[in-house]
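FYI, side chains are in, hydrogens and waters are out, and symmetry mates aren't considered; it's all heavy atoms of this structure.
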Amino acid sequence: MSVTRERLVEVLEEIALLLEIQGENPFKIRAYRQGAEVVSGYDGDIVALARDNKLEGIKGLGDALRDKLHELATTGELEFHKKLRVGYPDSFFDLFELDGLGPKKIAVLNRELKVDSIITLKAACDAGIVAGLPGFGAKTQAKILESLARRVQAAEAFRLDIAVQAAEGILEILRMHPEVLRASVAGSTRRSKEIVRDLDFIVATPKPAELTAFFATQEFAKEVIAQGDTKCSIRLESGMQCDLRAVSNDQYPFALFYFTGSKEHNVAIRSRALKKGWSLNEYAFTGENVPVIRDEADIYRALGLDFVPPELRENRGEIEAADEGTLPRLLEWENLRGTFHNHTTESDGKASLHAMAEGARELGLQYLGIADHSKSSPQANGLSVERLAAQVETIAAWNREHGGKQFRLFAGSEVDILKSGALDFDDDLLATLDFAVASVHNALTLEEDEMTKRIIKAMENPYITMLGHLTGRLLLRRDGYAVNHEKIIDCAAETRTVIELNCNPKRFDMDWRWWHRARDKGVLCSINPDAHSVNQLQFLRFGASVARKGWVRREDVVNTKTLAEMEAWLKLPKGKR
DNA sequence: GCCGTTTTCGGCCCGACTGTTTTCAGTCG
């Protein structure tokens, strides 16, 4: 049984926590934590590299971490970690997820009261003995109890679409306040992360205390967590925490930059400022001859950098590129001219073919690809050979009646990739379609190697235009199936098979972390909403943001082609695309 | 423990808020 990337990350993070408990040098702790980040975000087969002792040159992994990762990847264990863990059960690590509890307090609880799990902590609080500990009091104990209760009822992570929806409503309210000059959402929502933990708002105002008070008393603020003169934290009905920072108009660009993050991006930018002799915090540059700053772009300019779009701020090479002037011109959502992979009532969609077509046209698209499920997905009312043939006719008739140079429907199918890698329809039928999306919907538990071969076999078919939701993940609900991304990307490049960026916010699949690599290999992307209703066509907007996060440019995305270009492109043999 | 176009040693981000304190430690972002 080989070690997974997740396990490597978990071990490094546990080491960081255990060292923290022991009061180790905070920078050593940070090194382990950053090592975990690097392993988690590395776009390549980090497990194989660790196994083969080829981690040399990866920033953030020094001699010590390289050796430890090698030991872990080859033996499945790490002596250093095992020794640290003696006396701490798995349940101990749950304690770190509680609000208001950090390593210092957990260390005290563990040392004084033998607390080593949520259950023993709850018992200690109920018995009232936590309040008597040094550094603890009645309020701390009550807060721990609240936090324990909340952990039970509310998930603390939210999908991007939920976050954006909440943020837009609140932003509108903030902008209507007469003392607000500028306002923006910051944080991971602004960076279009697929999962968001809280919302951050920045407002520029001459009266910050008035704004934090205003924020705390809004109807959406179901609970006020903290309120001061410049900062206010509240919780929404949904359980989502929202932080407001109220700053002066001069401070605004710095606050917006700082709270947009990511933390790693900020640290790197800050050290760049230090090299210029300036210190950078959330309010200003300080030092000799500091430049005048009016907006975020001025901050980057002052440091000799091109403006870095928020989506790219993950410290994955964007600062180097901004320095060299080689940041890509990213896709804009307005560049999308049409889309593929959409369902109708013929399979499991909620809207008719006609309604979907009109919805797409109203959205300003020039074409819409219909791809209902195939016959091996009876749970989704998959189409039989006959029903698909009939649908192709219906689409042709629709185009004759309603289509033209401005808009048309493309006939396709979301063809199941069967367990063997064979497709659910034979080539003769697929050849009658304008396009075909191949997706896995069953036998999700195959070993990685077998799953990869299965998908590759489907991609080798000349009639498969694109690969649907590569991992089948459902964010916050189900992990994706095991599949080797490198091999799939290489195969897509060779066979000229497009890979879908499924922009249904439940999926965002293939993950943004892989697109830069795919793009560099010449793989084309199709941004598809997997829409099951007319409204869901609007997922395209999220698709564009997440594609940007993956460094994707207009020319990397097939559905930026105009209708005429797309018609010509689809007629080309796959190998010539 | 990591890193280096000021470095192989000496740095490594720091401010706001809360609660327990009486001047500050812990947590969070």
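Pair assignment for B/dT8: none, as no Watson-Crick or G-U wobble contacts are both less than 3.5 Å.
In this structure, A/R245 has no salt bridge (Lys or Arg N to Asp or Glu O under 4.0 Å) partners at least two apart in sequence or on a different chain. Residues passing the salt bridge (Lys or Arg N to Asp or Glu O under 4.0 Å) test with A/K122, sequence neighbours excluded: A/D126. By the ring-ring contact (aromatic ring centres under 6.0 Å, His included) test, A/Y88 is found to be paired with A/F92, residues two or more places apart in sequence or in another chain being considered. When the ring-ring contact (aromatic ring centres under 6.0 Å, His included) test is applied to A/H70, no partner is found at least two apart in sequence or on another chain. Applying the salt bridge (Lys or Arg N to Asp or Glu O under 4.0 Å) criterion to A/E194, with sequence neighbours excluded, gives A/R513. Legend: residues meeting salt bridge (Lys or Arg N to Asp or Glu O under 4.0 Å) with A/E24, ordered by chain and number and at least two apart, are A/K28. Residues passing the side-chain hydrogen bond (donor to acceptor under 3.5 Å, both in side chains) test with A/K207 are A/E179, sequence neighbours excluded.
For the segment residues 308-322 of chain A, the set of residues with a heavy atom within less than 4.0 Å of an atom of DNA chain B is empty. Proximity of residues 59-67 of chain A to DNA chain B (heavy atom under 4.0 angstrom from any strand atom) is restricted to A/K59, A/G60, A/L61, A/G62, A/D63, A/A64, A/L65.
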Filtered N/O pairs between nucleotides 27-29 of chain B and protein, under 3.5 Å:
from: B/dT27; atom 1: OP1; to: A/G102; atom 2: N; distance (Å): 2.7
from: B/dT27; atom 1: OP1; to: A/G102; atom 2: O; distance (Å): 2.9
from: B/dT27; atom 1: OP1; to: A/K105; atom 2: N; distance (Å): 2.8
from: B/dT27; atom 1: OP2; to: A/K104; atom 2: N; distance (Å): 3.1
from: B/dT27; atom 1: O5'; to: A/G102; atom 2: N; distance (Å): 3.4
from: B/dC28; atom 1: OP1; to: A/G100; atom 2: N; distance (Å): 2.7

Which protein N or O atoms sit under 3.5 Å from an N or O of nucleotides 9-12 of chain B?
from: B/dC12; atom 1: O3'; to: A/R30; atom 2: NH1; distance (Å): 3.3

Is there any protein nitrogen or oxygen under 3.5 Å from a nitrogen or oxygen in nucleotides 18-21 of chain B, and what are the pairs?
from: B/dT18; atom 1: OP1; to: A/Q227; atom 2: N; distance (Å): 3.0
from: B/dG19; atom 1: O3'; to: A/T140; atom 2: OG1; distance (Å): 3.2
from: B/dT20; atom 1: OP1; to: A/G137; atom 2: N; distance (Å): 2.8
from: B/dT20; atom 1: OP1; to: A/G137; atom 2: O; distance (Å): 3.2
from: B/dT20; atom 1: OP1; to: A/A138; atom 2: N; distance (Å): 3.3
from: B/dT20; atom 1: OP1; to: A/K139; atom 2: N; distance (Å): 3.3
from: B/dT20; atom 1: OP1; to: A/T140; atom 2: N; distance (Å): 3.1
from: B/dT20; atom 1: OP1; to: A/T140; atom 2: OG1; distance (Å): 2.9

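Judged by distance alone, with hydrogens and angles left aside, the side-chain atoms of A/N110 form no donor-acceptor pair with the main-chain N or O of A/L113 at under 3.5 Å. Between the side chain of A/W515 and the backbone N or O of A/M510 there is at least one donor-acceptor pair closer than 3.5 Å.
One finds no side-chain N or O of A/T230 lying less than 4.0 angstrom from the OP1 or OP2 phosphate oxygen of B/dG15. Here A/Y283 reaches the OP1 or OP2 of B/dA16: one of its side-chain N or O atoms lies under 4.0 Å away.
When heavy atoms are screened at a 4.0 angstrom cut-off, A/K276 is found touching no nucleic acid atom at all.
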